[in-house]
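For reference, the structure discussed in these notes is given below.
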Number of protein chains: 2
Amino acid sequence: MSLRATSSTSDKTRQKIVRAAEQLFADKGYQSMTLRDVTKAANVNLAAVNYHFGSKCNLMREAIRSRIEPINVERLKRLAELIEAHGPAPVPVSAIFNSLFRPLFESDGPSKGPNPALIQMIGRAFTEPADFMRNLHKDFFTELSFRYLTELKRTCPQLDEETIRYRFFLSISTMLGATINTVTLENLSSSKSTEPNYDKIVSELIAYAAAGFDHA
Amino acid sequence: MSLRATSSTSDKTRQKIVRAAEQLFADKGYQSMTLRDVTKAANVNLAAVNYHFGSKCNLMREAIRSRIEPINVERLKRLAELIEAHGPAPVPVSAIFNSLFRPLFESDGPSKGPNPALIQMIGRAFTEPADFMRNLHKDFFTELSFRYLTELKRTCPQLDEETIRYRFFLSISTMLGATINTVTLENLSSSKSTEPNYDKIVSELIAYAAAGFDHA
DNA sequence: GTCTATAGAACGATAGAC
DNA sequence: GTCTATCGTTCTATAGAC
């Protein structure tokens, strides 16, 4: 049968499916999101998912991969720029976290605004219990965490390796928690706006994580 | 028909179901956890869940409620003790977070060790997308957050209300992320122990959140 | 490539014997 | 209270017409 490997004249159906899947996965998680939901929201036929992606699992792997990879590229690019800019001096913790957190919240590209569905999807992907996510985590997080841990160790030589790993873990946890923890997010703003203020969230997040990581 | 409202001579079946549900919910989330899984793990009959709890939804509401309520009581008790002990002086942020975070990780009671299944279950409950969780959050979090925000405001009068709410939200996110974010948790210890070191996690968590909250 | 129709399996819930 | 058996629904995935 052979799945579609390359783009053709029209990827509209494929794209519509991915976009709908993003939103539904963000809202309801993997198990609660059904292919009927997806194809209905995308306004395509039910069979289209299996034709284009082979399976529900593959659809989500592809959806998540296509979003995370550019973000991780941007993260490492900014980290490299920081290292370059500071020469032999270590990069401040807040600048390191800035390069790690910002790209997620500028998910549609720098100078573009944040994409709530995309932010939530990634947050949920890393807290999703489904088995097939495990490998994704390894693929997308191993190199990234190694690079960031290396740089954080250089900036904070007074902290032993184990402490650095714990605090890095807590920093990642804060970021992920902030993206999916709708509970407190709703109670945050005194105004009853449905849309969270991501600009405020991300700058607070960076300052919070930097202070939490760097404390005596 | 009438559900069982009061305890009878033997709550063994009921208890076994709740315990099994906790573990499975912690591992797989609400939708992936089936009643067939639960009753099989509990070694009881499939129909027992609907007899004792009426529905799958009700089972999890009861399981979560029975765990969170004692923890919240303990939290507020410790907070009240802190306020009492400090008299008119404000309670330090780290002490406030100590009273908020510790009870979850001493979930089987003080002097008892942490209960991984319980910790994960509560973390997952607050990040679960399922609709029926929404009301639970309101029930178990509204009063708690009000009390803690009041006390944090007294301790940090230099911070405006909105900033306090944002940082409190981030602190809760850190805690929740730490309980369910298995990804990085696995990569944490250089030793390949399956069991996370909760003692280390919780003390790092409290110091981290206090520093993150209290920064200039 | 896109559709209809359906296979095949799993689910929550319940009826009714004991 | 506890069991077996099953109803009615919903899911992913696929076969086959167009």
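Below, read A as the first sequence line, B as the second, and so on, with proteins coming before strands; counting in each chain starts at 1. This one's a predicted model, so the numbers in the text were calculated from it and none came from an experiment.
Counting to the nearest Å, the P atom of D/dG1 and the CZ atom of B/Arg14 are 10 Å from each other. In this structure, NZ of B/Lys40 is placed 13 Å from P of D/dT4, rounded to the nearest angstrom. Between the CE atom of A/Met33 and the P atom of D/dT10 there is a distance of 18 Å, given to the nearest Å. Going from atom CD of B/Gln31 over to atom P of D/dC11 covers 10 Å, rounded to whole Å. Separating the CZ atom of A/Phe53 from the C1' atom of C/dG1 is a distance of 14 Å, rounded to the nearest angstrom.
Every residue was checked against the side-chain hydrogen bond (donor to acceptor under 3.5 Å, both in side chains) condition with A/Asp214, not counting sequence neighbours, and none meets it. With sequence neighbours left out, the ring pair (Phe, Tyr, Trp, His ring centres under 6.0 Å) criterion links A/Phe146 to no other residue. With sequence neighbours left out, the salt bridge (Lys or Arg N to Asp or Glu O under 4.0 Å) criterion links A/Lys153 to A/Glu161. Residues passing the salt bridge (Lys or Arg N to Asp or Glu O under 4.0 Å) test with A/Arg78, sequence neighbours excluded: A/Glu74, A/Glu106.
Note on B/His52: a side-chain N or O is less than 4.0 Å away from OP1 or OP2 of D/dT2. The side chain of B/Asn45 places no N or O atom within less than 4.0 Å of a non-bridging phosphate oxygen (OP1 or OP2) of D/dG1. Distances shown here put a side-chain N or O of A/Thr13 below 4.0 Å from the OP1 or OP2 atom of C/dT2.
Using bins of under 30°, 30° to 60° and over 60° for the plane-to-plane angle, the ring pair B/Tyr198/B/Phe105 lands in the tilted bin.
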Pull out every protein N or O sitting under 3.5 Å from an N or O of nucleotides 13-16 of chain C, one pair per line with the distance.
unit_1: C/dA13; atom_1: OP2; unit_2: B/Lys56; atom_2: N; d: 2.9

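The salt bridge (Lys or Arg N to Asp or Glu O under 4.0 Å) contacts involving residues 58-67 of chain B comprise B/Glu22-B/Arg67, B/Glu62-B/Arg65, B/Arg65-B/Glu69, B/Arg67-B/Asp108, where partners must be two or more places apart or lie in separate chains.
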